[in-house]
Amino acid sequence: TINEGLDQIEPLADASPPNLVELANRYDALAERVRGLSFSEASVEKAAADYATLLEDTARALDPSRPAPGPDAGRSQLRPVLANVIKRERPLVGRIEGLCQSP
């Protein structure tokens, strides 16, 4: 499900110019799908929740008019900077892959 969502995002990101609002919508939808998954191990569930937060932060960085999700909705918050969000992705994905490969 996650890879399928990313496959839908890739062509939008490669468009010239990219439709940032539509990209943000896709990242939010993917975050919602990730949050809806269930896991048998707490460590994997925590990593998935962190990944969903990363996806939500990506959506907020792409579309500044987008409100904060969840309990922070309506609160004034600093917007995530896209470059910083991207830097968080690689270690988080590595953590998830490591958890999924461990016995």
request  = Can you sort out the partners of Asp50 under side chain to side chain donor-acceptor pair (under 3.5 Å), two or more places apart, ordered by chain and number?
outcome  = Lys46, Arg95
query = Side-chain heavy atoms under 4.5 angstrom apart, residues restricted to Ile, Leu, Val, Met, Phe, Trp, Tyr: same cluster for Val34 and Val93?
reply = yes
query = Roughly how far, to the nearest 0.5 Å, is CZ of Arg35 from OG1 of Thr53?
reply = 4.0 Å
task = Not counting sequence neighbours, which residues clear side chain to side chain donor-acceptor pair (under 3.5 Å) with Glu22? List them please.
result = Arg26
query = Which pair of heavy atoms, one from Ile96 and one from Tyr51, lies closest together, and at what distance?
reply = CD1-CB, 3.9 Å
ask   = In a check of side-chain contact (heavy atoms from CB on, under 4.5 Å) between Leu30 and each of Asn25, Leu6, Thr58, which one passes?
value = Leu6
key: Same cluster (ILVMFWY, side-chain, under 4.5 Å), Leu12 and Val21   = no
query = Taking atom OH of Tyr27 and atom CG of Asp63, what is their separation to the nearest 0.5 Å?
reply = 13.5 Å
query = Atom CG in Asn19, atom CG in Leu62: separation rounded to 0.5 Å?
reply = 10.5 Å
ask   = Which pair of non-hydrogen atoms, one from Ala13 and one from Pro18, has the smallest distance, and what is that distance?
value = O-CB, 4.1 Å
key: Arg88 with Asp57: basic N within carboxylate O range, under 4.0 Å   = yes
inquiry  = My understanding is that only residues two or more places apart in sequence, or in another chain, count here; which of them pass salt bridge (charged side-chain N to carboxylate O under 4.0 Å, His left out) with Glu97?
reply    = none
